[in-house]
Chemist: 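Dropping the structure in here first, questions after.
Residues: numbered from 1 along the sequence shown.
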Amino acid sequence: MRSSDLLSRPPRFANVDRLRVLAILAVIWYHVTADRGMPALFRIGLTSFLLIGCMFRARRPFTLREPRRIGDRARRLLLPWLFGSLLYGLPRVRDLLGGAEPAAVLDARMLLYGTAIHLWFLPFLFAAEVAVSLLRALDRPLSPWIRAGLWSVVGAGWLRVGAS
């Protein structure tokens, strides 16, 4: 990596990186132990990733470069989701080729989350970040009081969706 690349990169926030590490550990704990009644500290995983992603998207001003940023984010979130969907889809294809009924193997909700419900979060996070970008474009002409109220309602809604 060239030194000019290091200078042009945005700064990292140590506490946000610490929160990411905690979120990663929480997700690993959840999947390894399958302990759905885990301590509160370990329930912050996906909600933290959602808040971090939307927070950084919301703090950037909406510019003409936003479609490029969204495209970059799509590559970072949707390509791994596509790979995972293909991987989880192989047994489904095998079942279909083996004569299983399509209704037993396929579900209409797969259009939202892919071939395994396990992968739901990546397209959800991408859609949340796109929604935040669109809201940033819409809130530019609003007064600060209306903007604060709008963002409070949106934030409460995303937290509610992420908690369910």
Side-chain angles (χ1 to χ4, degrees), residues 1 4-88 109-140 142 144-164:
M1 184 179 293
S4 61
D5 291 339
L6 291 174
L7 294 175
S8 65
R9 291 176 55 191
R12 303 288 298 193
F13 299 99
N15 288 332
V16 172
D17 287 337
R18 289 181 187 106
L19 182 59
R20 283 185 178 121
V21 169
L22 275 176
I24 290 167
L25 292 174
V27 170
I28 291 170
W29 179 273
Y30 180 85
H31 286 93
V32 169
T33 66
D35 182 10
R36 305 311 187 241
M38 58 186 143
L41 175 64
F42 291 107
R43 283 189 241 140
I44 65 164
L46 295 181
T47 304
S48 295
F49 285 125
L50 178 68
L51 288 174
I52 291 168
C54 290
M55 175 186 71
F56 282 119
R57 183 70 50 206
R59 68 185 286 270
R60 285 190 177 138
F62 189 86
T63 65
L64 294 177
R65 293 186 352 198
E66 196 66 22
R68 190 174 128 233
R69 290 179 184 151
I70 290 173
D72 291 343
R73 199 64 177 146
R75 281 188 290 284
R76 292 186 69 189
L77 291 173
L78 297 182
L79 286 179
W81 171 77
L82 183 61
F83 176 75
S85 290
L86 291 172
L87 194 64
Y88 281 111
R109 292 177 295 179
M110 287 182 181
L111 295 172
L112 296 174
Y113 62 75
T115 56
I117 189 69
H118 185 76
L119 301 170
W120 72 272
F121 187 72
L122 292 173
F124 178 80
L125 178 59
F126 178 72
E129 290 186 13
V130 169
V132 167
S133 292
L134 292 174
L135 285 171
R136 284 292 292 154
L138 294 174
D139 86 345
R140 289 172 63 195
L142 299 177
W145 290 103
I146 295 173
R147 184 180 300 147
L150 172 70
W151 281 105
S152 298
V153 169
V154 169
W158 281 123
L159 283 175
R160 178 67 184 124
V161 169
S164 60

Chemist: Please report the shortest heavy-atom distance between Pro80 and Arg75, naming the atom on each side.
Modeler: CD-O, 3.6 Å
Chemist: Hey, does the side chain of Ser85 reach the backbone of Gly114 with a donor-acceptor pair shorter than 3.5 angstrom?
Modeler: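 Answer holds: no.
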Chemist: Would you give the length of the straight line joining atom CG of Leu19 to atom CD1 of Ile52, rounded to the nearest 0.5 angstrom?
Modeler: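 Answer rounded to 0.5 Å: 4.0 Å.
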Chemist: Please round to the nearest 0.5 Å and tell me the distance separating atom CG of Leu87 and atom CG of Leu82.
Modeler: 11.0 Å
Chemist: Given side chains that start at C-beta, do those of Ser48 and Leu22 come closer than 4.5 Å, heavy atoms only?
Modeler: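 No, too far: nothing below the 4.5 Å cut-off.
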Chemist: Taking all heavy atoms of Phe121 and all of Leu46, pick out the closest pair and write down the distance.
Modeler: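 Taking Phe121 first and Leu46 second, the nearest heavy atoms are CZ-O, 3.4 Å.
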Chemist: Taking all heavy atoms of Gly84 and all of Thr115, pick out the closest pair and write down the distance.
Modeler: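 In this case the closest contact between Gly84 and Thr115 is O-OG1, 4.3 Å.
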Chemist: Is it the case that over 12 heavy atoms from other parts of the model lie below 6.0 angstrom from the CZ atom of Arg76?
Modeler: no
Chemist: Can you check whether Val130 reaches Arg73 side chain to side chain, under 4.5 Å on heavy atoms?
Modeler: no
Chemist: Atom CH2 of Trp81 and atom CG of Leu125: how far apart are they, to the nearest 0.5 Å?
Modeler: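 With rounding to 0.5 Å, CH2 (Trp81) is 13.5 Å from CG (Leu125).
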Chemist: Quick test of your reading of the model: are Asp72 and Arg69 salt-bridged, counting only N-O distances below 4.0 Å?
Modeler: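 Salt bridge absent between Asp72 and Arg69.
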Chemist: Which heavy atom in Ala128 sits nearest to a heavy atom in Cys54, and how many Å separate them?
Modeler: CB-SG, 3.8 Å
Chemist: Can you give me the closest heavy-atom contact between Phe124 and Leu50, atom names plus distance?
Modeler: CE2-CD1, 3.9 Å
